[in-house]
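Computed from a predicted model, the values in this text were never measured in an experiment. Side chains are part of it too, since the values below use all heavy atoms of this structure and drop only hydrogens, waters and symmetry mates. Order of the sequence lines sets the chain letters (A, B, ...), proteins ahead of strands, with each chain counted from 1.
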Amino acid sequence: MPKTPQAIRGTQDIFGPDAESFAFVVETFERVRKLYRFRRIEMPVFEKTDVFARSLGETTDVVSKEMYSFDDRGGESLTLRPEFTAGIARAFLTNGWQQHVPLKVGTHGPLFRYERPQKGRYRQFHQLDAEIIGAGEPQADVELLAMADQLLRELGIATGPGGVTLHLNTLGDGTSREAWRSALIEHFRAVKGDLSDDSQERLEKNPLRILDSKDRRDRPFVAGAPKIDAFLSEDALRFFDDVKSGLDAADVKWKRADSLVRGLDYYRHTAFEFIPDEGSAAADALGSQSTILGGGRYDGLMESLSGTATPAVGWAAGIERLAMLVGEKSPEAGVAILPESDELEAKASATAALLRRGGVNCWTAFKQNPKKRGIKARTDGVNAALYVRATDDPDGEFKLTNVSDTAGEVSISERVISILGEDRFGG
RNA sequence: GCGAUCGUAGCUCAGUUGGUUAGAGCGCCGGUUUGUGGUACCGGAGGUCGGGGGUUCGAGACCCCUCGGUCGCCCCA
């Protein structure tokens with residue numbers, strides 16, 4: 001007999017507490033998204049390869065080695081989306097969403113990157129995504145970050161010192177960024193031989209990346225590297241100041257991280273990541289994949305897709321990584337419906353249906369005696385049991401038991417009794 | 001792509017310096033208990049020890065290859 005096929009490497013079958021945490025993250029995001037009036041969009045999971053190749057930059061790791069690309073039956077190269085932003089930009093252009101500018105949108109779903117899986121990193125992973133398109137004002141950055149900060153708080157993830165901190169940087173406008181980049185190349189080329197192997201390679205491909213190298217050998221040279229601040233134009237400087245003061249006014253805690261860069265080519269001005277503080281519980285839970293939410297301003301992206309220049313800013317957050325931080329979610333308070341004999345099965349079903357229409361969370365089983373059902377119901381985390389008896393039972397038709405005295409459970413018991421009628425309950 | 005580490009029942013794991021018929025808990029199935037504030041009792045099914053090759057009188061254990069998991073590097077959410 002042939003073997004059961006295996007799941008694809010780096011994919012996950014999420015179930016149990018992990019699935020509950022995942023759902024909690026998504027539900028919380030949806031709530032906060034509406035609070036900030038970001039409109040929901042649904043996006044295709046795949047696009048023409050060009051969409052990503054042109055917008056992310058041919059030399060980035062994502063494009064050069066991590067894309068899931070394939071030819072369709074017509075011979076066209078398609079790619080499973082490795083991120084949301086490029087596809088959203090494409091949709092913005094092809095659908096003429098300029099008419100809705102400034103457009104605030106949010107979405108979530110699976111992304112695909114061909115990478116070696118490890119803790120907090122998968123080949124199919126899931127992100128939350130929020131974008132503000134067509135707003136070049138620093139206030140847009142501030143609102144977007146305030147939303148991110150509130151999301152984390154509502155997930156129960158502490159922001160600020162000892163928890164998860166917003167690391168903030170500016171990459172300047174296009175000219176500032178290029179001048180800085182050249183200066184960095186010059187600086188590191190002079191000491192190339194002393195850099196780590198990885199950084200020697202980065203020097204050609206992505207010199208900005210040397211700045212956040214973890215290798216000891218690079219540290220002295222990183223410390224002495226030119227800072228972006230020295231290359232910022234007056235406009236870029238003012239923009240960054242406005243973002244910073246806006247965050248302070250909104251009471252969003254942040255930390256300057258002048259070596260924070262982004263992996264993709266399209267970023268300008270603001271760049272940010274929420275990262276757990278070293279030694280925090282969150283840092284332990286995440287392993288070495290520590291960024292839980294990251295993004296920035298991408299004023300150059302639309303042009304790379306042959307659209308008119310349109311300023312935009314956005315972020316994405318890893319749902320799996322957030323789920324690792326929210327802890328176990330206990331199931332909602334519920335009541336087990338237990339028929340006291342086989343003949344009462346239909347009555348028990350009817351009772352459960354009645355209660356559920358009244359909004360009561362009911363646990364049911366499909367076989368086994370009441371004793372075993374009761375045991376199973378408790379291991380499944382219900383708080384109460386409703387025993388269903390014959391209509392003419394001298395002890396009453398229903399008996400409710402095992403309700404503890406927390407407010408939620410008491411209210412369940414009250415609802416059950418009021419729906420079924422107090423006079424039908426016996427001892 | 002590179003490195004480390006681990007693969008024994010559906011799940012979590014034990015299995016001595018290589019030595020008869022590979023074990024436990026949970027889960028599952030059947031039964032007992034006539035029932036309920038803390039998960040009872042009895043019984044049962046279930047394993048090509050990831051796969052292939054090798055060493056040996058003998059391999060779950062040692063060696064090689066391979067597939068997969070986990071963690072790290074690179075990179076990223």
Side-chain angles (χ1 to χ4, degrees), chain A residues 1 3-12 15-16 25 56 59-67 81-85 108-130 148 164 196-202 205-206 208-210 212-215 260-264 272-276 286-296 314-325 336 338-341 367-387 389 395 399-405 409 427:
Chain A
M1 204 167 86
K3 277 191 156 183
T4 304
Q6 287 174 325
I8 305 299
R9 165 174 284 178
T11 63
Q12 328 167 68
F15 173 74
V25 169
L56 305 190
T59 63
T60 58
D61 278 24
V62 171
V63 171
S64 63
K65 57 184 199 195
E66 295 173 2
M67 292 205 301
R81 63 185 180 197
E83 61 137 37
F84 277 115
T85 307
H108 63 84
L111 292 305
F112 305 84
R113 256 123 87 162
Y114 194 92
E115 293 186 275
R116 199 67 185 274
Q118 63 189 63
K119 193 179 183 72
R121 195 175 75 187
Y122 308 95
R123 287 187 175 180
Q124 177 180 335
F125 59 106
H126 302 80
Q127 285 186 349
L128 312 172
D129 186 273
V164 173
S196 65
D197 294 350
D198 281 335
S199 286
Q200 295 197 24
E201 205 164 307
R202 290 185 186 113
K205 281 171 51 189
N206 198 347
L208 274 55
R209 279 271 153 222
I210 300 175
D212 55 9
S213 167
K214 288 170 193 157
D215 198 299
L260 175 78
V261 296
R262 307 257 69 219
L264 310 174
F272 53 85
E273 290 181 5
F274 281 84
I275 303 172
L286 285 167
S288 66
Q289 309 304 316
S290 52
T291 301
I292 55 172
L293 185 153
W315 55 248
I319 298 179
E320 288 88 347
R321 292 183 188 177
L322 290 170
M324 286 191 270
L325 301 184
L338 307 173
E340 294 210 331
S341 69
K367 60 174 184 175
Q368 293 290 359
N369 62 44
K371 174 86 177 178
K372 283 191 177 172
R373 288 189 195 195
I375 290 168
K376 175 76 169 149
R378 276 183 226 146
T379 63
D380 284 354
V382 304
N383 321 79
L386 179 74
Y387 289 89
R389 298 170 179 156
D395 292 329
K399 179 177 176 175
L400 190 59
T401 182
N402 284 10
V403 176
S404 60
D405 52 6
E409 291 163 24

> Using the C1' atom in both, what is the distance from B:U55 to B:U8, to the nearest Å?
Replying inline: 22 Å

> So what's B:C2 paired with, Watson-Crick or G-U wobble, going by both distances under 3.5 Å?
Replying inline: B:G72

>> Tell me which one of A:Leu322, A:Ile275, A:Leu325 satisfies side chain to side chain contact (heavy atoms under 4.5 Å, CB included) with A:Leu286.
In response: A:Leu325

> Quick one: the side chain of A:Lys372 and the base of B:G27, do they pair up donor-acceptor inside 3.5 Å?
Replying inline: no

>> I'd like to know whether A:Gln127 forms a side-chain hydrogen bond (donor to acceptor under 3.5 Å, both in side chains) with A:His108, so could you lay out the CA-CA distance, the side-chain angles of the two residues, the decisive distance to 0.1 Å, and finally the verdict.
In response: CA-CA 6 Å; A:Gln127 285 186 349; A:His108 63 84; over 6 Å; no

> If you look at every heavy atom in A:Trp315 and A:Ala148, which pair is closest and at what distance?
Replying inline: NE1-CB, 3.4 Å

>> I'd like the P distance from B:A14 over to B:C6, given in whole Å.
In response: 12 Å

> NA contact type, A:Arg202, heavy-atom cut-off 4.0 Å: base, sugar-phosphate, or nothing?
Replying inline: sugar-phosphate

>> Quick check: on RNA chain B, is the nucleotide nearest A:Tyr114 upstream (toward 5') of the one nearest A:Ile292, or the reverse? Name the residue that is more 5'.
In response: A:Tyr114

> Please give, in whole Å, the distance from B:G68 P to A:Arg116 CZ?
Replying inline: 10 Å

>> How many whole angstroms separate atom CZ of A:Phe274 from atom C1' of B:C76?
In response: 17 Å

> When we call it a touch if two heavy atoms are under 4.0 Å apart, what does A:Tyr122 touch: a base, just sugar-phosphate, or nothing?
Replying inline: base

> Is it true that the NZ or CZ of A:Arg123 lies under 6.0 Å from the centre of A:Tyr114's six-membered ring and within 45 degrees of the ring axis?
Replying inline: yes

>> Tell me the interatomic distance from A:Asp129, atom CG, to B:A77, atom C1', rounded to whole angstroms.
In response: 11 Å

> Among side-chain atoms of A:Thr291 and A:Glu273, is any donor-acceptor pair under 3.5 angstrom?
Replying inline: yes

> At under 4.0 Å between heavy atoms, what does A:Gly120 touch on the DNA or RNA strands: base, sugar-phosphate, or nothing?
Replying inline: base

>> If you assign A:Ile8 and A:Ala317 each to the RNA chain B nucleotide with the nearest heavy atom, which residue ends up on the more 5' nucleotide?
In response: A:Ile8

> So, is A:Ser288 close to the B:C73 phosphate, meaning a side-chain N or O under 4.0 Å from OP1 or OP2?
Replying inline: yes

> So what does A:Arg9 hit on the nucleic acid, given a heavy-atom distance under 4.0 Å: a base, only sugar-phosphate, or nothing?
Replying inline: sugar-phosphate

> How close or far is atom P of B:C75 from atom CG of A:Asp198, stated in whole angstroms?
Replying inline: 6 Å

>> Taking any heavy-atom pair under 4.0 Å as a contact, classify A:Glu273: base, sugar-phosphate, or nothing.
In response: nothing

> Is there a Watson-Crick or G-U wobble partner for B:C13 with both distances under 3.5 Å, and if so, which one is it?
Replying inline: B:G23

> B:G68 and B:G31: how far apart are their P atoms, nearest whole angstrom?
Replying inline: 44 Å

> Can you tell me how far C1' in B:A59 sits from the matching atom in B:G52, rounded to whole Å?
Replying inline: 15 Å

>> Measure CG/A:Asp61 against C1'/B:C2 and give the value in whole Å, please.
In response: 14 Å

